[in-house]
Enquirer: 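My structure is below; once you've seen it, I'll send some questions.
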Amino acid sequence: MKDGVERFKDDLRSVGLQNPVLLTRKLERIGLSRLELDIMKLRYIDGLLIKQMPDVLNCGERWIKSVHSVAIIKALDRLSVADLVEMGIHFNVTPKTLYLA
């Protein structure tokens, strides 16, 4: 059974495949740094694995993993229930409670 963060990542991947423009807009709105946003777009819209990103971003894999983790937590903290519902993720609790419970 997947934990909440893994389910959240799966949901982001699904939204990125179905509606990349919407996911990009939501990620831009929550105030991610440029690198965080680039990593999230590469992972959840372009479908790259973390280990494929160092050549694209000119950063080490460990740094990318660290920045990705921070970006995921920011997304959990900053995406509203309305954001997630608009992206097709339906529930009746807060994003952080849903995925970290």
Side-chain angles (χ1 to χ4, degrees):
M1 178 178 234
K2 292 186 176 190
D3 72 3
V5 174
E6 290 305 314
R7 287 191 325 247
F8 182 60
K9 292 175 185 178
D10 287 346
D11 288 340
L12 290 177
R13 272 189 282 283
S14 177
V15 174
L17 287 172
Q18 295 171 5
N19 196 338
V21 173
L22 176 63
L23 181 59
T24 299
R25 193 177 67 218
K26 296 298 180 182
L27 293 174
E28 288 172 343
R29 190 188 62 74
I30 62 173
L32 298 178
S33 72
R34 183 80 240 156
L35 181 58
E36 290 167 342
L37 183 60
D38 288 346
I39 289 170
M40 295 292 276
K41 287 166 66 175
L42 286 170
R43 181 71 188 109
Y44 300 107
I45 294 170
D46 298 333
L48 291 181
L49 300 172
I50 298 289
K51 66 183 178 181
Q52 296 172 308
M53 291 182 198
D55 292 334
V56 177
L57 298 171
N58 295 317
C59 297
E61 186 176 336
R62 291 175 97 177
W63 181 245
I64 291 170
K65 284 181 182 180
S66 175
V67 173
H68 176 257
S69 294
V70 170
I72 288 294
I73 296 303
K74 283 183 179 179
L76 284 167
D77 282 341
R78 297 176 183 175
L79 287 170
S80 70
V81 171
D83 290 332
L84 296 180
V85 169
E86 185 179 352
M87 291 188 290
I89 303 169
H90 300 281
F91 58 91
N92 57 4
V93 294
T94 66
K96 197 165 189 175
T97 324
L98 174 70
Y99 291 108
L100 298 179

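All values derive from a computational prediction rather than experimental measurement.
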Enquirer: Same hydrophobic cluster for Leu84 and Ile73, using side-chain heavy-atom links shorter than 4.5 Å among ILVMFWY?
Expert: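 Result: yes, single cluster for both.
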
Enquirer: For Trp63 and Leu35, what are the C-alpha separation, side-chain angles and deciding distance, and is it a side-chain contact (heavy atoms from CB on, under 4.5 Å)?
Expert: CA-CA 11 Å; Trp63 181 245; Leu35 181 58; 3.4 Å; yes

Enquirer: Looking only at heavy atoms, which two atoms of Ile30 and Ala75 are closest? And how far apart?
Expert: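 Between these two residues, the closest heavy atoms are CD1-CA, 3.6 Å.
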
Enquirer: Taking the side chain from Asp83 and the backbone from Ser80, do they hold a donor-acceptor pair closer than 3.5 Å?
Expert: yes

Enquirer: For the pair Met53 and Arg43, evaluate side-chain contact (heavy atoms from CB on, under 4.5 Å) and give the outcome as yes or no after the intermediate values.
Expert: CA-CA 9 Å; Met53 291 182 198; Arg43 181 71 188 109; 3.6 Å; yes

Enquirer: Could you state the interatomic distance from CG (Leu42) to CG (Leu37), rounded to the nearest 0.5 Å?
Expert: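 If we round to the nearest 0.5 Å, Leu42:CG and Leu37:CG are 9.5 Å apart.
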
Enquirer: Are Leu76 and Leu27 grouped together when hydrophobic residues (ILVMFWY) are joined by side-chain heavy atoms under 4.5 angstrom apart?
Expert: yes

Enquirer: For Glu86 and Lys26: C-alpha separation, side-chain torsions, deciding distance, then whether side-chain contact (heavy atoms from CB on, under 4.5 Å) applies.
Expert: CA-CA 10 Å; Glu86 185 179 352; Lys26 296 298 180 182; 2.6 Å; yes

Enquirer: State plainly whether the residues Asp77 and Lys74 are in salt-bridge range, i.e. N to O under 4.0 Å.
Expert: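 No.
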
Enquirer: Tell me the closest heavy-atom pair linking Pro54 and Gly60, and the distance in Å.
Expert: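 Of all heavy-atom pairs spanning Pro54 and Gly60, the closest is CG-C, 4.3 Å.
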
Enquirer: Flag yes if Leu79 and Val5 sit in one hydrophobic cluster, no otherwise; membership is Ile, Leu, Val, Met, Phe, Trp, Tyr, and two members link when side-chain heavy atoms are under 4.5 Å apart.
Expert: yes

Enquirer: What is the distance from atom OG of Ser66 to atom CD of Glu61, rounded to the nearest 0.5 Å?
Expert: 12.5 Å

Enquirer: Return the minimal non-hydrogen interatomic distance between Arg29 and Arg78, and the atom names on each side.
Expert: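 Between these two residues, the closest heavy atoms are NH2-O, 4.1 Å.
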
Enquirer: Strictly below 4.0 Å, N to O, side chains only: are Arg25 and Glu28 in salt-bridge contact?
Expert: no

Enquirer: Drop me the distance from Leu57's CG to Ile64's CD1, to the nearest 0.5 angstrom.
Expert: 5.0 Å

Enquirer: Using the rule side-chain contact (heavy atoms from CB on, under 4.5 Å), only one of Val56, Asp55, Ile39 pairs with Leu48; which is it?
Expert: Val56

Enquirer: Can you name the one residue among Leu17, Leu22, Leu23 that meets side-chain contact (heavy atoms from CB on, under 4.5 Å) with Asn19?
Expert: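 The side-chain contact (heavy atoms from CB on, under 4.5 Å) with Asn19 is passed solely by Leu22 among Leu17, Leu22, Leu23.
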
Enquirer: Decide whether Ile45 and Met40 are clustered together by the hydrophobic rule: side chain heavy atoms of Ile, Leu, Val, Met, Phe, Trp, Tyr closer than 4.5 Å, transitively.
Expert: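 In one cluster: yes.
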
Enquirer: I want to check something: taking the side chain as every heavy atom from C-beta on, are Phe8 and Ile72 in contact at a cut-off of under 4.5 Å?
Expert: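 Side chain of Phe8 against side chain of Ile72, heavy atoms only: contact under 4.5 Å found.
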
Enquirer: Run the side chain to side chain donor-acceptor pair (under 3.5 Å) test on Ser14 and Asp11 for me, step by step, so that the C-alpha distance in whole Å, both residues' side-chain angles and the decisive distance to 0.1 Å come before the verdict.
Expert: CA-CA 5 Å; Ser14 177; Asp11 288 340; 6.0 Å; no

Enquirer: Grab the two heavy atoms, one from Gly47 and one from Gln52, that are nearest each other, plus how far apart they are.
Expert: O-OE1, 4.4 Å

